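What follows is a set of notes on a single structure, which appears directly below.
Heavy-atom basis, side chains included; hydrogens, waters and symmetry copies ignored. These figures come from a predicted structure and were not determined experimentally. This chain uses plain numbering: 1 for the first residue, then up along the sequence.
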Amino acid sequence: VRMTLLDGTRLHLYASLVGLACYLNAPACDFVFDDAFAVVSNADVQPGAPLLPLWSHDFWGKALHLDDSHKSYRPLTVLSFRAHSWWSGEAPEPSALHGANAIIHAAVCAGVTQLIVRAWRGHASRRRRRALLGALWFAAHPLHVEAVTGVVGRAELLCALCCLGANACHAWAAGLTPRGCSAWRRGASARRLACAAATLGCIAGAVLCKETGIVIAPILIAQEVLVLLPARGAAGVVGSCARICALALFVAAYLAGRILLMSPPGEPLSWGAASLADSLLIRKAENPLLFLESRLAWWLSVGWIQAVYAALLLAPSSLCIEYSFDCIPMVESARDSRNLLTLLLLGAAGKWAASLVRSARHAKARHTMGASAWLLLPWLLVSHIPLRLGTLVAERTMYLPSVGMALLLPRHLAPPRGARGAATVAGATAYFASRCLRRTLDWRTDETAFETALEVCPRSAKLQQQMCTLRTNQGRLAEALAHCDASFEIDSSFCGRGPVCGGAAAGAFCDVHSSYGLLHVRRNDVGAAIWHLNASLGCVYTSYKAYTTLLTVYDHLHRAAPANATLYEDMASTQAAIGGRSDLNAAGLYREAARLHLRAGSPRRAIAALAAAPRGDRDGVAACFLGYWEGKAVLEEATSGRDAPRRRLRAYRQALEAFRSVGACDSHPATAEAAEAEAEQLEQALGSLLLPGSGSRSGSGGGTL
């Protein structure tokens, strides 16, 4: 097709068809990685779920004010998933979701084409060649596979579409119309007011699809300041100021509404509650930047991340589904050779910016600066500089910045002419499209996605852990163990909390213990499974699954051996690892384990079980029965052994102190009476230096609990 023969309509259609053709095999993909959490496990997406709670939930279906919410408020994206349920009457199918994503991407390609046509001056055929070059680059860029093929990427696509719509409405409100629409230029102010309202509506849609959509407001403000005001002079000051004020007020209203919506009821309003600034969900595994001790290392690493993003945007040789720790090592020294690439990137960007500033008097330079806002402002939001992010690098976050790159690319590359130029563009497009089609195959299943990702990032602890879980479910246990060991070797910062490991480090990677536990369940290594699952109970990401698995294991073991004291100790350790109100349950289970140990004639094991029991319940209930049974166990140990008289006397006194610690014990008066009787008997024995009666020596009888 000769580019000089492409009119505007055919140009938009051509770009859309190329964008659609690059993802023809996307409907064959399954739910991959985070897709299951966003759709399958999200109650807001399921048919029949109420709509009202959706507006106060995050992208993953959790209430926004909760501590374990990711603060990702994207109700329109969730509603788009829900639309599939309304259409089919069933839970959304992956093929329909992937197909819809490809169609939305095609619409974005058409919008990018129109954006480029409007942005640059010149002859109509020259503008169309520029628009075709940038639009094809955007449509077929393999970096967009994660945004288009991944169901979670729907947020990026809808956000970009709404941003392009806001830009078009803003152009109409400002009187910048397509060629041939002179009647609109002369139109009534009511039309322009309607377009201004539509602009704000599109911006609202963008931020309700993804939070980064708010960046379109400063982009439009930059267009007003850099392009419209200098072009119109004093005649356009009033209109530009009105539009700038409206955009600024909208941004302020959005930020205030976000804080009000996400702050927990009854607590002071703060930006930390509306963002990830105070979140405990961010871990070293996802974003190691936040755990660097040196500020210099942080800045050097942030600079290197920008170089990584630039490489993905300009030369995407290796793509990966997950860039978690330690896929991209942090730059912790000024002598690191990677700093040279960072300096090269900063130098090139600085030289380009300086040339634009020097030429700011020329309209062409100002147009370039306005176009640069589409690249730089969205990039700034994912650069880690202004915001605390939950991930180090994510390919889908470059979808909106790549709109700016598509806008700038034809500005700095000479538009090709003739058949040779058309063949060059067609060849480059075919190469990029083949990369897209090949990359889409990597997203068929979790297995293909993780296997190809490990080829790029073998040092990713999270990818190794995901492969461990996947191989465990497939029954390939030897491979699963190798992946779990590799994950733990890369990031062993987490042990657990409670009595198992003694406390979890901030930002620690706890998922590997859950994977270890499930693996040992499949290997019938019950002891190791319980240990690892207990260790993962302190992790918000794995606690529910670990707890339900432990309950299943305990139920099976209890059916086989209902009087197994060790089993009760394991169950007690699980309750103690949960903490909070479960401490009383843990104390009761430790007490039962002690009783069974005493019945089996093992007072020392009974004493050890009671020593591990938590006693910090609010009402002191645990102290009542634990004190009583501690006295019984110590007394049994003293009377059944052959200790020296002096050591036995100390044991009697320890037992007496344990019985006296029970006190009044209003919640268990029978326990208090039994403890008082035991204490009186011991006092009489100690007073006469005699052993207590036989009624006090039996570990299995005499107990009132």
I need the [X] [atom1] to [Y] [atom2] distance, nearest 0.5 Å.
X      : Y      : atom1 : atom2 : result
Arg388 : Leu289 : CZ    : CG    : 11.0 Å
Leu610 : Tyr628 : CG    : OH    : 12.5 Å
His597 : Glu592 : NE2   : CD    : 11.0 Å
Arg476 : Leu519 : CZ    : CG    : 13.5 Å
Thr440 : Arg438 : OG1   : CZ    : 10.0 Å
Leu97  : Asp30  : CG    : CG    : 11.0 Å

[X] side-chain N/O to [Y] backbone N/O, donor-acceptor pair under 3.5 Å:
X      : Y      : value
Ser487 : His483 : no
Lys62  : His57  : no
Arg338 : Ala307 : no
Thr542 : Ser536 : yes
Thr448 : Asp442 : yes
Ser301 : Trp298 : no
Asp58  : Ser72  : no
Glu630 : Ala606 : no
Asp326 : Arg459 : no

Does a side-chain heavy-atom distance below 4.5 Å link [X] with [Y]?
X      : Y      : answer
Glu322 : Asp34  : no
Leu292 : Glu332 : yes
Arg444 : Leu441 : yes
Glu489 : Gln464 : no
Ser573 : Tyr590 : yes
Ser85  : Gln46  : no
Leu550 : Leu537 : yes
Asp570 : Val553 : no

Atom of [X], atom of [Y] and distance for their closest heavy-atom approach:
X      : Y      : answer
Gly475 : Arg522 : CA-NH2, 3.6 Å
Ser324 : Lys462 : OG-CB, 3.2 Å
Phe33  : Phe37  : O-CD1, 4.0 Å
Pro288 : Phe325 : CB-CD1, 3.8 Å
Pro458 : Ile490 : O-CD1, 4.0 Å
Val45  : Val78  : CG2-CG1, 4.0 Å

How about [X] and [Y]: does a side-chain donor come under 3.5 Å of a side-chain acceptor?
X      : Y      : answer
Asn287 : Tyr323 : no
Tyr399 : Glu146 : no
Thr149 : Arg439 : no
Thr574 : Asn534 : yes

What orientation do [X] and [Y] show, parallel under 30°, tilted 30 to 60°, or perpendicular over 60°?
X      : Y      : answer
Phe59  : Phe81  : tilted
Tyr516 : His513 : tilted
Phe31  : His98  : tilted

Going through the distances and angles, do Gln575 and Tyr547 end up as a side-chain hydrogen bond (donor to acceptor under 3.5 Å, both in side chains)? CA-CA 9 Å; Gln575 297 296 324; Tyr547 187 63; 3.2 Å; yes

With Cys320, which residues qualify under disulfide (SG to SG under 2.5 Å), at least two apart? none

Salt-bridge contact Arg283-Asp491 (side-chain N to carboxylate O under 4.0 Å): no

Sidechain N-carboxylate O distance under 4.0 Å for Glu636, Arg595: no

Other residues, nucleotides and ligands only: do more than 12 of their heavy atoms fall within 6.0 Å of CZ on Arg559? no

Taking CZ in Arg605 as the centre, count heavy atoms belonging to other residues, nucleotides or ligands within less than 6.0 Å. Is the count above 12? no

Determine whether the interatomic SG-SG distance for Cys484 and Cys468 falls below 2.5 angstrom. yes

side-chain contact (heavy atoms from CB on, under 4.5 Å), that's the test. Do Met330 and Leu392 meet it? Break it down for me. CA-CA 11 Å; Met330 296 294 95; Leu392 184 65; 3.8 Å; yes

Between Glu637 and Arg604, does the side-chain contact (heavy atoms from CB on, under 4.5 Å) criterion hold? Intermediate values first, please. CA-CA 7 Å; Glu637 172 71 10; Arg604 288 190 177 180; 2.8 Å; yes

Assess whether side-chain contact (heavy atoms from CB on, under 4.5 Å) is satisfied between Leu143 and Leu319, documenting all intermediate values. CA-CA 7 Å; Leu143 182 63; Leu319 299 174; 4.1 Å; yes

Before giving the answer on disulfide bond (SG atoms under 2.5 Å apart), spell out for Cys457 and Cys327 the whole-Å C-alpha distance, their side-chain angles and the decisive distance to 0.1 Å. CA-CA 5 Å; Cys457 289; Cys327 176; 1.8 Å; yes

Lys210 and Thr77: CA distance, side-chain angles, deciding distance, side-chain contact (heavy atoms from CB on, under 4.5 Å) verdict: CA-CA 8 Å; Lys210 191 178 180 184; Thr77 304; 5.7 Å; no

